[in-house]
Undergrad: 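If you scroll down you'll find the structure; I have some questions about it.
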Number of protein chains: 2
Amino acid sequence: MKKEFSKLSERQQKILRFMQNYMDESGYPPTIREIGEDTGINSTSVVNYNLNKLVDAGYLERTDKVSRGLRLVGDIPGTRKKKVIQALDTAKVPLVGNIAAGQPIQLPDDTGQYYDDDDMIDVPATLLGNNDPSHVFALTVRGDSMIDAMIAENDVVILREQRTANNGDMVAVWLPENGETTLKYFYKEGDKVRLQPAHPTMEPIYVDAKKCEVHGKVLSVIRRIH
Amino acid sequence: MKKEFSKLSERQQKILRFMQNYMDESGYPPTIREIGEDTGINSTSVVNYNLNKLVDAGYLERTDKVSRGLRLVGDIPGTRKKKVIQALDTAKVPLVGNIAAGQPIQLPDDTGQYYDDDDMIDVPATLLGNNDPSHVFALTVRGDSMIDAMIAENDVVILREQRTANNGDMVAVWLPENGETTLKYFYKEGDKVRLQPAHPTMEPIYVDAKKCEVHGKVLSVIRRIH
DNA sequence: TTGACATACGAACGTTCGTTCCGGTATACT
DNA sequence: AGTATACCGGAACGAACGTTCGTATGTCAA
């Protein structure tokens, strides 16, 4: 999926470099129009078009209908990196609670609580997919309710805290109308959302996008059998 | 100029903490309205008012007339710091091949062969359950054939090499009559063996104990989603 | 040639979002 | 009493911003 940087069009490379610099200087992403101005594109739709291409190529993430809803993923060659990221073997992530069908996810509260070592589990860094470990957490699955996500009782689900999702992500969503938490693949279709079970024979469900609260993206699942 | 954090009003502290988390999760700052929603302020003007207070106190910078034109300066106490990643008790396990329904398991050959680093994966010791790592190996699942074991394509299965099993173990068995490899829970019943799928709605199969070659015991399953 | 596809442009539309103004409450001080 | 200050809420305005649509150009393969 991820194209070589050099395979991107001149404009697309320019956009990525501009974004990186803009974010370092401003602390927030540029608007479509600002990108257009810098890169010499004089139509917002063309910028929009190229941004979507960059999403397809794996360099960007976008959030719909949100101003400056852009995120860089990975590194852009030819720009200086602000953050020093060091790749190491494992990370400790907090095992903060349970996930079950009938209740919302208990997120780690934002009070910056300190977690006991007992509540931490070791995770190989590869299971985190280059995510900042400070917003990754783990939940233990209670009950059989996730079997259509191919997830069994007592499995440990590793999640990144986030409220938006891209098509194809597996997400933890809270459906307030049903009073239910579920793990499904996420596909936005107009103002509806299709929630597709991982199990191939199960049917998807469709919900109003307004009534579908994404709470996190599933990074991996760990099952201990013995 | 910079006030003590504790001298800020409850709301102002909450705003700062929210901003920190929001930015870590989204990559861009929140809007005034989003701040209001999170902190229980139901007027944009009040949020605006408090944001300006925070600028005065030296905790924020703003850019006029720009959506999400907010920057945090300095650190906010009471937010989760970036965790230091630390190397932990892990074992390297050889990822020796694939497992699919239609073929026997490829065991690591007994020549005591040396494996490339590329073919090794890091596994937290807890996933090995006190087993000698030298007889543990990993396989990648190909195809959908293991869905009745609640195991999806591309999952990594961690196994210990063994030719016998105890009741209740999940094992990898080769059924020569069917020409098939499968992962099931193992129960000896007389001279038959009951092989029970992990999925609760699936029916078990019964095979002659002689015609059921146990190749290994499943220790854990790892699924990467992203 | 035709058709499909990628890329580009400009204009219009509707929503998001910051700003402003006016009124309100509570406390403290004169 | 009156008044100053700090803080809160609601509503509206206008600019910022993302989205969509119709159209146009060039390339490549059938």
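As the structure is a computational prediction, the values presented were derived from the model and not from experiment. Letters A, B, ... mirror the listed sequences (proteins, then strands); counts begin at 1.
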Undergrad: Holding to side chain to side chain contact (heavy atoms under 4.5 Å, CB included), I want the full list of residues that pass it with A:Asn52, two or more places apart in sequence or in another chain.
TA: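 So A:Asn52 forms a side chain to side chain contact (heavy atoms under 4.5 Å, CB included) with A:Asn48, A:Arg62.
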Undergrad: Quick one: does A:Thr63's side chain have a donor or acceptor within less than 3.5 Å of a partner on A:Val66's backbone?
TA: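 Flag not set: sc A:Thr63 to bb A:Val66 has no pair under 3.5 Å.
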Undergrad: For DNA chain D, which nucleotides open and close the run of contacts to chain A, 5' to 3', at under 4.0 angstrom from a non-hydrogen atom?
TA: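 Listed 5' to 3', the contact boundaries are D:dC17 to D:dC21.
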Undergrad: Let me know the distance between NZ of A:Lys65 and C1' of C:dC17, rounded to the nearest Å.
TA: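 So the two atoms are 15 Å apart, to the nearest Å.
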Undergrad: Quick check on C:dC17: is either OP1 or OP2 less than 4.0 Å from any side-chain nitrogen or oxygen of A:Arg68?
TA: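 Looking at the OP1 and OP2 atoms of C:dC17, neither is under 4.0 Å from any side-chain N or O of A:Arg68.
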Undergrad: Evaluate the side-chain proximity of B:Lys184 to B:Met170: yes if any heavy-atom separation is below 4.5 Å, no if none is.
TA: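 B:Met170 does not reach B:Lys184 side chain to side chain.
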Undergrad: Rounding to an integer number of Å, can you tell me how far A:Ile32 CD1 sits from C:dA8 P?
TA: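 After rounding, the gap between these two atoms is 15 Å.
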Undergrad: What's the CD-C1' distance between A:Glu10 and C:dA8, to the nearest Å?
TA: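 So the CD-C1' distance, A:Glu10 to C:dA8, works out to 16 Å.
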Undergrad: Return yes if some donor-acceptor pair links the side-chain N/O of A:Arg68 with the main-chain N/O of B:Pro29 below 3.5 Å, else return no.
TA: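 Answer holds: no.
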Undergrad: Between A:Tyr28 (OH) and C:dC17 (P), how many Å, whole number?
TA: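 In whole Å, C:dC17 P lies 15 Å from A:Tyr28 OH.
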Undergrad: Could you list the residues that satisfy salt bridge (Lys or Arg N to Asp or Glu O under 4.0 Å) with A:Asp38, not counting sequence neighbours?
TA: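 Partners of A:Asp38 by the salt bridge (Lys or Arg N to Asp or Glu O under 4.0 Å) criterion come out as none, since no residue qualifies.
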Undergrad: What are the residues of residues 40-51 of chain B, sorted by number, that bring a heavy atom to within less than 4.0 Å of DNA chain D?
TA: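 Within this stretch, B:Ile41, B:Asn42, B:Ser43, B:Thr44, B:Ser45, B:Val46, B:Tyr49, B:Asn50 sit under 4.0 Å of the strand.
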Undergrad: Given 3.5 Å as the limit, does a donor-acceptor pair link the side chain of B:Asp155 with the main chain of B:Ala152, or not?
TA: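 Looks like yes, one N/O pair under 3.5 Å.
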Undergrad: Holding to salt bridge (Lys or Arg N to Asp or Glu O under 4.0 Å), I want the full list of residues that pass it with A:Glu213, two or more places apart in sequence or in another chain.
TA: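 For A:Glu213, no residue satisfies salt bridge (Lys or Arg N to Asp or Glu O under 4.0 Å) once neighbours in sequence are set aside.
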Undergrad: Applying salt bridge (Lys or Arg N to Asp or Glu O under 4.0 Å), can you list everything that pairs with A:Arg71, at least two apart in sequence or on another chain?
TA: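 A:Arg71: salt bridge (Lys or Arg N to Asp or Glu O under 4.0 Å) contacts with A:Glu61.
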Undergrad: Rounded to whole angstroms, how far apart are CD1 on A:Ile15 and P on C:dT7?
TA: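 Distance, rounded to whole Å: 12 Å.
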